[in-house]
Amino acid sequence: MSQLPGVEVVPRQTLLDVTDLIEFFQRRESVSGVQRVIAETAPLLLAADPYLLAVILDPPRGVFVALTRAEVAQFFGAAVSANREAQANDADTCLLRAQTAPPVRIDANTVLAFLGAVWINDALMLAARDAHALGAKLVYLLYDLTPVLETGHTAAVSRLFERYLNLVLDTASMVPAISQSSRSDFVAYATARGDKAPAGSVTGLPCGITPGRYDTSVRPWPRPYALFVGTVEARKNHVLALNTWKQLVDKHGIDGVPDLVCIGRLGWHADEFLRAYVESNGLGGKVSLLSTSVSDAELAAFYANAEFTVYPSRYEGWGLPVSESLAFGKLPVVAHNSSLPEAGGKLAVYFESDNASDMATVIERDALNLETRMRIESQIVDNFVDLTWQHVADAISHDIEQARSREGRKPMYPTIDLGREYVLAAGEDAPDSGYADQYLRHLQTEGLTPMLRQPRGSDDFVVVDAGVIGTFGSPQTWGLEIRPGCRADFRFTRPVAGPLTILISTRSMPGVARIDAIGPGGPVQQEVYLGSVITLPLGDGAAGEPAQVTLSVTDAADSIEGFLGIKSFVVLAAEDLQTQVIALKSAADALRQELDFVTNTRSWKVTAPLRKLKGRGAS
């Protein structure tokens with residue numbers, strides 16, 4: 001296992017982002033799902049490639065920092081601590097060190113691989129775009145397309161995941177996927193968007209819980225039971241399992257059907273199931289829910305002693321509970337959709353998705369019939385072969401090498417509309433229109449752009465994500481922060497011929513920042529009062545040509561927050577002075593409102609005598 005110094009550049013340098021796992025350790029949670037994939041595959045990848053660097057993102061600077069050899073040993077070595085408190089302390093120390101560590105240098109010799117949940121970390125998505133702009137070849141491990149294919153997620157989550165998919169389609173050189181189903185969904189999504197999906201291997205996933213590692217001799221439940229393992233959320237379809245059990249109990253009687261034990265934490269939009277579960281008293285005690293404090297050892301005992309398992313999920317990227325059921329020699333009764341036939345193969349039995357009657361029929365035929373179930377269990381024992389983490393690591397390593405051998409993806413220069421103001425923050429969803437006062441306030445504030453007071457575009461992120469690249473701090477609800485030593489590149493395709501100007505609105509806070517700007521309109525150095533509008537020349541050019549201007553913050557010591565916040569931008573014809581005046585007046589009005597607020601606060605009035613004494617004015 002090799003970990004080179006973070007600032008060293010070597011031929012064929014490979015970076016492996018492990019931010020997701022380190023932040024997971026920091027939250028003192030047990031490793032499962034996506035994080036288990038990183039924890040199991042990263043040590044194998046690090047051991048196999050002497051040029052591989054494990055890196056994490058430092059969000060305030062928007063840069064990647066290499067783990068030290070000691071940190072690699074702590075998180076991925078042979079003696080990794082199983083103590084969550086110790087892991088959390090190590091993660092805290094690692095992330096704190098990253099804030100002042102030198103960043104890794106990224107260029108065209110770099111391959112950067114992401115194994116984690118990039119879609120839940122918008123700062124990581126920004127950093128990935130910047131790495132691509134610097135020439136790196138990017139590899140993303142794809143899990144599934146749940147937020148865009150399945151209902152039950154908030155609009156904000158679905159929008160964030162759509163931004164992630166756009167990022168992958170715009171920047172990826174290779175996209176390995178955990179199942180063929182996920183790859184097919186990704187290809188279909190790309191085709192519908194008019195894009196070609198990058199190539200990639202199919203890895204499959206090994207079981208997270210396997211027999212032989214735990215003592216499973218003690219029965220964890222007092223009666224015969226079927227097992228349902230999965231997060232309690234709408235997609236997993238617990239309500240279908242409950243309805244199926246009602247049909248079975250009505251037909252066979254309460255003693256003719258095993259209990260149903262559901263194990264999983266509470267998740268998205270499970271209200272329908274939870275309401276039915278509580279109102280029926282768990283179907284008179286036949287259905288039980290264990291949503292907390294089930295350890296891996298206890299879960300292994302539940303698998304080992306179950307009569308059979310059920311998995312009625314509407315959509316999966318793989319379906320680990322199906323594979324784990326087979327690993328314990330238990331018959332899984334599974335919905336026939338997405339990747340579940342890949343996880344269960346010919347050894348599981350399947351029913352029509354979302355059909356309680358068909359689920360009940362298959363359970364009666366194959367699970368409640370003891371002779372049939374024993375025959376299938378014998379086939380499972382004789383034929384099931386689990387995948388290995390080495391297999392997964394080899395597939396990812398193959399795609400990393402494929403990415404290295406390919407030509408890098410071209411930089412993005414999105415098409416923009418002249419005179420349209422693009423807001424850099426994703427923004428908050430409008431409140432329910434039933435609250436008329438809140439809805440109107442949203443339309444008049446959040447619903448309008450800062451400079452030109454135009455209605456905000458719901459798809460601004462398509463242009464902003466591709467066209468505003470740099471080393472930003474964590475994205476904020478109002479926009480992006482640029483700290484001293486960091487930069488923002490505004491890049492786009494010229495919408496018209498002739499000289500252009502870009503206006504950039506800044507966040508209103510007390511203070512001044514100093515900037516340098518370099519672009520086709522020449523270099524610019526200026527002091528920026530926070531809350532004002534930055535005006536930069538874009539020079540002359542033909543329509544359809546790429547244009548780029550780079551804005552760097554050189555000093556923000558006189559800013560109360562220590563950074564320059566940017567909120568939106570608009571590109572205008574250089575001679576469009578009228579619109580420029582409107583933008584500048586909007587900024588002046590915002591600063592006036594903020595000053596009025598400050599001067600009417602109690603602290604301002606109380607300190608008036610002191611300011612007068614110091615000669616700074618009392619009004």
Next item on the list: Measure the shortest side-chain to side-chain distance between D465 and M125 over non-hydrogen atoms and say whether it is less than 4.5 angstrom.
Entry: no
Item checked: Audit row: V18, F75, side-chain contact (heavy atoms from CB on, under 4.5 Å) steps and yes/no -> CA-CA 10 Å; V18 296; F75 299 121; over 6 Å; no
Check: What distance do L112 atom CG and L16 atom CG have between them, rounded to the nearest 0.5 Å?
Finding: 8.5 Å
Next item on the list: Using a cut-off of 6.0 Å, state whether more than 12 heavy atoms not belonging to E272 lie near its atom CD.
Entry: no
Next item on the list: Please answer whether the main-chain N or O of S295 pairs with a side-chain N or O of E298 as donor and acceptor at a distance below 3.5 Å.
Entry: yes
Check: Between R409 (side chain) and S173 (backbone), is there a donor-acceptor pair under 3.5 Å?
Finding: no
Checklist line | Side chains of L266 and L274 in contact at under 4.5 Å (non-hydrogen atoms) | finding: yes
Margin query: Distance alone, cut at 3.5 Å: any donor-acceptor contact between the side chains of Y315 and S353?
Written below: no
Notebook entry, point to check: Within a strict 4.5 Å, meaning less than it, do heavy atoms of the M174 and K137 side chains meet?
Noted result: no
Item checked: Presence of salt bridge, E401 and R404, under 4.0 angstrom -> yes
Check: Under 6.0 Å from the CZ atom of R219, do we count more than 12 heavy atoms belonging to anything else shown?
Finding: yes
Notebook entry, point to check: Going from CG on L52 to CG on L46, what distance comes out if it is rounded to the nearest 0.5 angstrom?
Noted result: 4.5 Å
Check: Is a side-chain donor or acceptor of H132 paired with a backbone partner of L138 at a separation under 3.5 angstrom?
Finding: no
Item checked: D122 with R159: basic N within carboxylate O range, under 4.0 Å -> no
Checklist line | CZ-OG1 distance between F186 and T191, expressed to the nearest 0.5 angstrom | finding: 10.0 Å
Margin query: Please check: side-chain N/O of S405 versus main-chain N/O of Q402, any donor-acceptor pairing under 3.5 Å?
Written below: yes
Next item on the list: Classify the side-chain pair D20/Q35 by whether it contains a donor and acceptor separated by less than 3.5 Å.
Entry: yes
Notebook entry, point to check: Can you tell me if S313 and E316 form a side-chain donor-acceptor pair at under 3.5 Å?
Noted result: yes
Check: What are the two closest non-hydrogen atoms of D386 and P206, and how far apart are they?
Finding: OD1-CA, 3.6 Å
Next item on the list: Start with the C-alpha gap between L290 and C262, add the side-chain angles, then the distance that decides, and say whether side-chain contact (heavy atoms from CB on, under 4.5 Å) holds.
Entry: CA-CA 6 Å; L290 306 180; C262 304; over 6 Å; no
Next item on the list: May I ask you to decide if P258's main-chain N or O and R223's side chain share a donor-acceptor pair within less than 3.5 Å?
Entry: no
Margin query: Determine whether a donor-acceptor pair (N or O, by modelled atom type, separation under 3.5 Å) exists between the side chain of D49 and the backbone of L45.
Written below: no
Check: For H238 and E233, does a side-chain donor sit closer than 3.5 Å to a side-chain acceptor?
Finding: no
Next item on the list: Please step through side-chain contact (heavy atoms from CB on, under 4.5 Å) for the pair L165 and V148, ending with a clear verdict.
Entry: CA-CA 10 Å; L165 290 176; V148 295; 3.9 Å; yes
Note to self: Between S339 and W318 (side chain of the first, backbone of the second, donor and acceptor by atom type, cut-off under 3.5 Å), is there such a pair?
What the structure shows: yes
Check: Going by the angle between their ring planes, with limits at 30° and 60°, are F302 and Y225 parallel, tilted or perpendicular?
Finding: perpendicular
Check: Is D296 salt-bridged to R36, cutoff N-O under 4.0 Å?
Finding: yes
Check: Side chain of Y277, backbone of L242: donor and acceptor closer than 3.5 Å?
Finding: no
Note to self: Does the plane of the ring in F328 sit parallel, tilted or perpendicular to the ring in Y303? Use 30° and 60° as the thresholds.
What the structure shows: parallel
Check: Is the closest side-chain heavy-atom distance between K196 and L169 below 4.5 Å?
Finding: no
Next item on the list: In plain terms, say whether E377 and R373 are close enough for a salt bridge, that is, a side-chain N and a carboxylate O under 4.0 Å apart.
Entry: yes
Check: Do D394 and Q390 have side-chain N/O donor and acceptor atoms under 3.5 Å apart?
Finding: yes
Item checked: Validation row: V257, W245 side chains within 4.5 angstrom (heavy atoms) -> yes
Item checked: Any side-chain heavy-atom pair of L126 and P475 under 4.5 Å -> yes
Next item on the list: Please check if the distance between the ring centroids of F161 and Y164 is under 6.0 Å.
Entry: yes
Item checked: Residue pair P341 / Y350, side-chain heavy-atom distance below 4.5 Å -> yes
Check: Donor-acceptor pair, E324 side chain versus I209 backbone, under 3.5 Å?
Finding: yes
Check: Nearest 0.5 Å, what's the CD-CG distance between E279 and N281?
Finding: 11.5 Å
Next item on the list: Run the numbers on N337 and L340 for side-chain contact (heavy atoms from CB on, under 4.5 Å), then give the verdict.
Entry: CA-CA 6 Å; N337 65 64; L340 295 176; 3.8 Å; yes
Next item on the list: Measure centre to centre between the rings of F351 and H336, then say whether the value is under 6.0 Å.
Entry: no
Check: In terms of side-chain heavy atoms, does S181 have a donor or acceptor partner in S184 at a distance below 3.5 Å?
Finding: no
Note to self: Could you check whether E307 pairs with K330 (Lys NZ or Arg NE/NH1/NH2 to Asp/Glu carboxylate O, under 4.0 Å)?
What the structure shows: no
Checklist line | Main-chain N/O of P321 paired to S325 side chain as donor or acceptor, under 3.5 Å | finding: no
Checklist line | Value rounded to 0.5 Å, distance of CG in L260 from NZ in K246 | finding: 15.0 Å
Next item on the list: Apply side chain to side chain donor-acceptor pair (under 3.5 Å) to the pair D259 and W221, showing each step before the final yes or no.
Entry: CA-CA 9 Å; D259 289 1; W221 202 252; 3.1 Å; yes
Check: What distance do L142 atom CG and I178 atom CD1 have between them, rounded to the nearest 0.5 Å?
Finding: 7.5 Å
Margin query: I want to check something: taking the side chain as every heavy atom from C-beta on, are V232 and R265 in contact at a cut-off of under 4.5 Å?
Written below: no
